[in-house]
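All residue numbers refer to positions in the sequence shown, counting from 1. Indexing begins at 1, ligand by ligand and atom by atom, following the structure's order.
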Amino acid sequence: MECSLAVQSFSQEKLFTSVIKDLVKQGWSVQQNSLPEKLLQDLVDEINYFDNKQLLLPAAIGRRHQKQFDQSIRSDRTLWLDGRSKTQLVLLDFLEAFRLNLNEQLWLGLDEVECHYAIYDKGSFYKRHLDAFNGHETRVVSVVFYLNKDWQEVDGGSLKLYSAKDIQAVSTVLPERGTCVCFMSSEIPHEVLPSFRSRMSIAGWFRRQSTIEKRFGL
Ligand code: OGA
Ligand code: MN
């Protein structure tokens, strides 16, 4: 239980408040020191462990029957978190607290959170995209946590965030350990520039279940 106490004593309320303020104002938020160092290190150890076991696989685009593997759009490797370890449970607890906060403050009616580990090997990227399309998808808020220490601009791999119609990026984020990016999934196009170093992150989505999923208990 040592880990979850560490997360609780961390000023998560402050973080949630700043993120929510930014989401209301501009639809996106970038925060540093978003997770305790111990949890970040445990997540790095775990992603490396799973990578050694070759469990991170080329990522898909689209959901379920629309799944496609198109490496000209994205070339990262991913593994979904399923709560199999204490480290994952600590992060999932944190995200659950975040979900409840978003619902209380913004009335988003979010039902669940899903997230995956991602590794962008040298040369990998994710071209400009939206995480959700209004009316078709159930992803409402996206969140990304970065795990690499000492990331430099020359390492590439920055995340560029755009506002709906802009060609100019509204923010360019270095994927430095502890930085967290959060944005409205259907409003903020974004891209991951080619990375020149192995880039490790966790990407997550707060979702509303579709009516069909609710009706059939999927
Ligand atoms: C994604 C994504 C951004 C990042 O996985 O959909 O856009 O910075 N990730 O890793
Ligand atoms: Mn995305």
Side-chain angles (χ1 to χ4, degrees), residues 19 22-23 26-32 34-35 40 43-44 46-47 50-51 55-64 66-81 91 95 98 110 112-134 136-153 155-164 166 169-207:
V19 170
D22 285 348
L23 288 181
Q26 61 198 16
W28 56 273
S29 181
V30 179
Q31 303 288 331
Q32 277 154 3
S34 62
L35 292 174
L40 289 165
L43 291 164
V44 169
E46 193 173 270
I47 196 173
F50 288 140
D51 190 30
L55 290 176
L56 282 96
L57 301 174
I61 309 159
R63 294 188 78 78
R64 303 216 168 106
Q66 292 155 344
K67 259 191 182 174
Q68 282 178 24
F69 293 85
D70 186 341
Q71 303 221 345
S72 67
I73 297 176
R74 71 184 294 187
S75 49
D76 55 331
R77 295 180 294 116
T78 61
L79 175 70
W80 290 97
L81 276 73
L91 181 71
L95 289 172
F98 203 165
L110 303 166
E112 58 191 21
V113 61
E114 59 182 7
C115 56
H116 63 50
Y117 283 121
I119 296 184
Y120 288 72
D121 297 310
K122 224 173 166 184
S124 297
F125 55 83
Y126 195 161
K127 295 236 170 100
R128 180 173 164 142
H129 65 281
L130 276 173
D131 286 345
F133 297 93
N134 268 326
H136 293 278
E137 272 266 12
T138 54
R139 288 175 168 178
V140 180
V141 177
S142 305
V143 62
V144 189
F145 299 98
Y146 300 109
L147 300 177
N148 289 87
K149 269 186 181 161
D150 304 321
W151 198 273
Q152 312 286 322
E153 235 172 281
D155 296 326
S158 285
L159 174 72
K160 285 193 149 200
L161 298 173
Y162 300 88
S163 71
D166 283 340
V170 289
S171 184
T172 301
V173 185
L174 282 185
E176 173 67 23
R177 182 187 284 209
T179 297
C180 158
V181 178
C182 196
F183 54 89
M184 301 309 291
S185 306
S186 63
E187 290 171 22
I188 306 292
H190 53 282
E191 74 178 312
V192 178
L193 298 179
S195 187
F196 305 125
R197 201 181 133 184
S198 170
R199 174 193 194 268
M200 299 181 294
S201 60
I202 295 171
W205 296 274
F206 296 98
R207 299 179 62 212

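When side chains are defined from C-beta on, Trp151 does not count as touching Arg177, because their heavy atoms never get closer than 4.5 Å. Between Phe145 and Leu95, the closest side-chain pair of non-hydrogen atoms falls below 4.5 Å.
At a heavy-atom cutoff of 4.0 Å, ligand 1 is contacted by the side chain of Trp205 but not by its backbone. With a 4.0 Å cut-off on non-hydrogen atoms, Arg128 does not touch ligand 1 at all.
With Arg199 contributing its side chain and Gly157 its backbone, the two residues share a donor-acceptor pair below 3.5 Å. When atom types are taken as modelled, the side chain of Glu176 and the backbone of Asp150 share a donor-acceptor pair closer than 3.5 angstrom. When atom types are taken as modelled, the side chain of Ser124 and the backbone of Ser75 share a donor-acceptor pair closer than 3.5 angstrom.
The atom of His129 nearest to the Mn ion (ligand 2) is NE2, with the search restricted to N, O or S atoms. Considering just the N/O/S atoms of His190, the one nearest the Mn ion (ligand 2) carries the name NE2. Summary: OD1 is the N/O/S atom of Asp131 found nearest to the Mn ion (ligand 2).
Heavy-atom minimum distance, Tyr162 versus Ile188: O-CG2, 3.3 Å.
At least one N or O atom of Asp131 sits closer than 3.5 Å to an N or O atom of ligand 1. At least one N/O-N/O distance between Arg199 and ligand 1 falls below 3.5 Å. The N/O atoms of His129, backbone and side chain alike, include one that comes under 3.5 Å of an N/O atom in ligand 1.
Among protein heavy atoms, atom 1 (C) of ligand 1 sits closest to Tyr126 CE1, 3.7 Å. Given atom 8 (O) of ligand 1, the protein heavy atom at minimum distance is Tyr146 OH, 2.6 Å. Looking from atom 9 (N) of ligand 1 to the surrounding protein, the closest heavy atom is Tyr120 OH, 4.0 Å.
In this structure, Glu191 does not count as a contact residue of ligand 1, since none of its heavy atoms falls inside 4.0 Å of the ligand.
A salt bridge does not link Glu191 with Lys160: none of the charged nitrogens is closer than 4.0 Å to a carboxylate oxygen. Looking at Asp51 and Arg77, a side-chain N of the basic residue comes within less than 4.0 Å of a carboxylate O on the acidic one, giving a salt bridge.
Phe206 has its ring centre less than 6.0 Å from the ring centre of Phe98.
Numbered from 1 in the order shown, with element, the atoms of ligand 1 that lie under 4.0 Å from a heavy atom of Val192 read 3 (C), 4 (C), 8 (O), 10 (O).
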